[in-house]
Amino acid sequence: MPPVLELKTITKRFPGVLANDRIDLSLERGEIHALLGENGAGKTTLMNILYGLYQPDEGEIFINGRQVQIHSPTDAINAGIGMVHQHFMLIPVFTVTENVMLGSESLKMGGILDRRAATERIRQISSAYGLEVDPDDYVRDLPVGVQQRVEIIKLLYREADILILDEPTAVLTPQEADELFKIMHSLTERGKSIIFITHKLREVLDIADRITVIRRGKVVGSTTPKQANQSKLAAMMVGREVDLSVHKRAFTPGADVLTVQNLKVGDDRGQIAVDDVSFTVRAGEVLGIAGVQGNGQTELVEALTGLRPALDGSVRLLNEDVTRANPRRITELGTAHIPEDRQRDGLVLSFPVADNLVLNTYYQRPFSKGAVLQQATIAKVAEERVNSFDIRTPSVDTSAASLSGGNQQKVIVARELSRPVKLVVASQPTRGLDVGSIEYIHGRLIESRDNGGAVLLVSSELDEIMQLSDRIAVIYRGKIVDVLSAQDASKEKVGLLMAGVVRTATAKKASLGVKPKPKAKASSKTKTSAKKAAQKKKPSRAAKTTRRRKDS
Amino acid sequence: MSTLSPTMKSSAEYTGGGRRRVMGVVFLALAAAIWLLFARTTQGEMVTTFTLNPGGSQANFPNLEFITLPVLHAIAFVCALLGGYQLVRGFGTRTNAILGLVAALFIFAFLSWVASGTSLNLAGLLRATLIRAVPITLGALSGILCERAGVVNIAIEGMMLTGAMVAAIFGSLYGLWVGLLAGVLAGALLAVVHAIFSIKYKTDQIVSGTVINIFSIGMSSFISAKYLAANRQLNNPGIFPDIQIPGLAEIPFIGPILFSHNVFFFSMLLFLALLHFGLFFTRWGLRLRSVGEHPKAADTLGINVFKTRYMAVILGGMMAGFGGAYFTLGSVGRFDDVMTAGRGFIGLAAMIFGNWNPFGAFGAGLLFGFADMLAARLAILGVRVASEFLLMAPYIATMIVLAGVVGRGQAPAADGQPYEKEGH
């Protein structure tokens with residue numbers, strides 16, 4: 001029997017780039033085939049070709065042994081190919097039914113929508129594959145994980161046999177990702193075949209039947225989870241040995257750099273987001289703040305960097321009270337801030353790289369004399385920083401918008417760490433980045449620590465927290481529920497704390513006055529995750545990965 | 001009426017506490033205004049007389065007469081009551097309906113005050129309101145067609161003006177129906193220009209629209225001065241006669257107001273119903289809206305974004321051209337310089353006020369048509385309100401809407417954003 005899908009010598013050139021270079025790929029029936037590669041390796045380009053969004057310059061596509069031409073998404077849909085894009089293609093103000101039927105509407109009397117028939121089919125699909133969703137809900141009211149289910153239903157509604165999932169876990173919490181993997185298995189059990197695009201090694205080993213690694217537009221190898229391990233895959237992806245472990249000097253904390261006491265911060269809707277939080281970060285240590293996204297981390301970081309007013313409590317930086325200081329004062333006292341949303345808060349995307357590299361110091365000598373910017377100096381310093389921080393950009397005059405995510409982040413890191421800093425506040429510093437960039441940025445953060453800086457690392461990636469931190473504070477619904485030292489912290493323990501399930505003796509004291517039952521809709525996600533953790537799903541999974549990490 | 005449309009229904013669910021209080025204060029303020037502005041200046045024994053037969057109507061319907069002051073007090077009391085309830089408990093999803101009721105009560109109080117000691121032809125006012133609402137609503141429908149597909153069209157004013165002139169010339173030469181058709185095609189032609197600029201060349205849509213507006217004013221004034229002034233026979237198309245709907249037109253009071261109009265009024269009602277049904281209940285509408293909300297998503301599902309947008313903008317231009325023809329063939333009977341007088345812009349305001357929904361826009365069109373009508377009439381009645389203030393009313397109302405007081409407007413998400421296809 002021929003494979004469900006076969007790609008032969010697919011080549012795609014963009015101006016100045018060979019995005020896909022004679023790529024061969026085959027997909028068997030009922031298989032989950034992972035396509036692994038760094039950002040910009042050409043995975044998404046290849047899938048866009050398969051889905052008819054791009055036209056290949058060379059190459060052939062076979063479906064069930066028959067050659068097909070795919071010129072548009074309509075051709076792809078007709079050939080039984082469906083794609084869940086990395087950024088969801090859903091219309092928030094439409095209902096689930098409307099989103100699913102759009103483009104292949106159920107009709108009556110010529111052109112009139114038959115919503116009832118469509119809803120009925122959606123219900124059938126959702127019960128057949130365990131994709132729980134209410135067809136009458138508006139998409140904008142759904143959590144991200146459910147939106148993804150809607151995307152999958154969209155494909156099944158069009159009777160797709162080949163499902164392409166482009167970085168499906170990038171936006172999901174660990175619990176939602178587990179849910180997705182279950183759904184993927186139930187799909188393959190029913191004869192669907194899945195191409196799973198990712199750059200996360202752990203997921204590939206967990207779920208894939210076969211793995212194909214792409215680097216710089218070329219297939220560099222194929223393997224199976226049994227034959228591979230994380231470091232082997234990472235080496236294939238990056239093209240050199242990658243050190244996944246972090247080397248740091250022995251932990252010798254110094255004086256308190258940042259002291260936060262009883263801090264209270266509100267969110268945009270006026271709710272309390274950070275509730276009576278106290279902690280310190282000392283010189284030469286990394287304090288990791290672990291927590292599921294949306295538990296007050298964003299507001300906490302904004303309050304510490306002067307971007308959001310504190311409602312109560314105090315923040316002291318090197319013996320100066322900065323609770324009400326403006327961002328410039330906090331920066332001048334020696335704080336580096338790597339913000340959560342690098343494109344919105346970290347860069348001026350339309351500015352050239354050079355200007356972005358001096359955004360925090362442009363008004364000081366030597367970059368300014370009086371009111372006049374010293375463009376020559378700025379360009380010279382920018383060149384130096386581009387070299388020393390390995391920023392891949394055609395020139396320092398290129399706008400920041402045209403850089404890859406990893407290089408954009410390096411621009412921010414270069415700007416923030418190129419001057420003597422006492423405190424680094426890094427919020428989700430490696431989100432969405434490739435292995436090479438992650439390795440680099442982790443190295444720089446540890447370098448700051450080893451040189452006697454204090455590092456506050458906020459991340460929802462538990463692996464990252466565990467690797468880098470000397471102490472780990474867990475935040476849950478705006479409160480620090482516990483602070484553990486790196487030795488005491490296991491993944492299970494931190495995971496349960498993140499889900500709000502267990503508290504140690506010290507935490508009980510800290511969390512007096514927690515409202516017992518969540519009322520708001522927003523907390524339902526954390527509620528379910530708590531339930532899941534209680535069912536011991538999380539620990540077993542975590543244990544599995546720790547084993548793998550030891551293997552590597 | 002618009003509970004059937006999905007966007008409207010869900011926007012009501014997002015009624016926050018702040019808005020609840022603001023609306024309560026608005027209701028109370030209107031009640032206070034009735035007391036302070038109207039009731040205080042009304043003598044106790046004065047009588048309001050409303051004539052309920054429009055001019056020229058044969059039907060004989062008795063006048064509505066009442067002593068002004070108690071009615072004003074009663075209306076103010078009801079408004080205050082509703083405001084109080086809104087402040088304390090809130091009407092929730094019915095807030096907008098209550099707002100409409102309060103506004104209607106306020107207008108009735110205002111008219112009672114105006115007519116106290118004299119008489120006012122209420123039926124005539126209502127009929128005139130409906131007629132004034134026709135071009136505004138047609139302009140709004142044109143805007144809805146374009147913007148629901150993601151193309152901002154501020155050129156409606158210019159399209160209307162050109163449509164009006166072309167309709168007058170062709171109507172004079174070849175008869176009313178040819179004139180109407182020519183007006184519609186003139187609107188379509190300008191829409192093609194706007195579409196090519198904004199869809200193909202991705203020009204800023206505001207710039208493209210402004211250019212068309214300026215071009216239309218200049219071109220129509222030039223042709224009017226150069227040719228129409230010299231050749232009167234080119235600018236004398238006459239107007240469409242009123243159609244009496246058999247049976248219905250004889251109903252007292254309602255009949256002459258609703259069922260005795262020219263072809264423009266009845267077409268507007270038809271377009272209104274068709275567009276509402278088309279947008280929310282057909283494949284055509286689902287695809288059109290998807291292109292205005294998230295063109296890339298539509299593209300990945302095999303919908304041709306460019307074709308859909310061209311279609312929508314050209315239909316919108318035809319609608320504007322039709323609305324323009326109303327001025328010459330449905331109202332005045334000749335073309336005058338800049339005769340649309342901002343009705344296209346008020347149409348856009350009605351579109352926003354009506355939350356990009358046809359029936360909502362019609363409701364706003366009625367409100368603006370009423371202000372428009374009052375501005376013309378009150379001067380004649382010798383009322384001490386400057387007509388300029390009434391003409392400002394639509395714009396002020398729109399600004400209040402845009403500020404989010406009456407409810408969060410929901411523009412299509414990709415409104416005004418050119419679509420760029422990748423990888424080709």
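Excluded from the calculations below are hydrogen atoms, water molecules and symmetry mates; all remaining heavy atoms, backbone and side chain alike, are included. All chains are named by letter (A, B, ...) in the order of the sequence lines, taking the proteins before the strands, and each is independently numbered beginning at 1.
Pairs engaging residues 308-322 of chain B under the side chain to side chain donor-acceptor pair (under 3.5 Å) rule: none recorded [sequence neighbours left out].
Contacts between A/K154 and chain B at a heavy-atom distance below 4.5 Å involve the side chain alone, from C-beta outward. Heavy atoms closer than 4.5 Å to chain B are found in the side chain of A/I77, but not in its backbone. For chain A, the nearby part of B/I303 is the side chain; its heavy atoms alone come within less than 4.5 Å. When heavy atoms are compared at a cutoff of 4.5 Å, A/I49 does not approach chain B at all. Only the side chain of A/H85 comes within less than 4.5 Å of a heavy atom of chain B; its backbone N, CA, C and O stay farther away.
With chain B as partner, the option from A/I91, A/T74, A/L102 having the largest number of non-hydrogen pairs under 4.5 angstrom is A/L102.
Within a 6.0 Å sphere centred on NZ of B/K307, other residues, nucleotides and ligands contribute 12 heavy atoms or fewer.
A salt bridge is absent between A/E58 and A/R22; no separation between the charged side-chain nitrogens and carboxylate oxygens falls under 4.0 Å.
When atom types are taken as modelled, the side chain of B/S290 and the backbone of B/R287 share a donor-acceptor pair closer than 3.5 angstrom. Remark: side-chain polar atoms of B/E147 are not paired, donor with acceptor, to backbone N or O of B/P412 under 3.5 angstrom.
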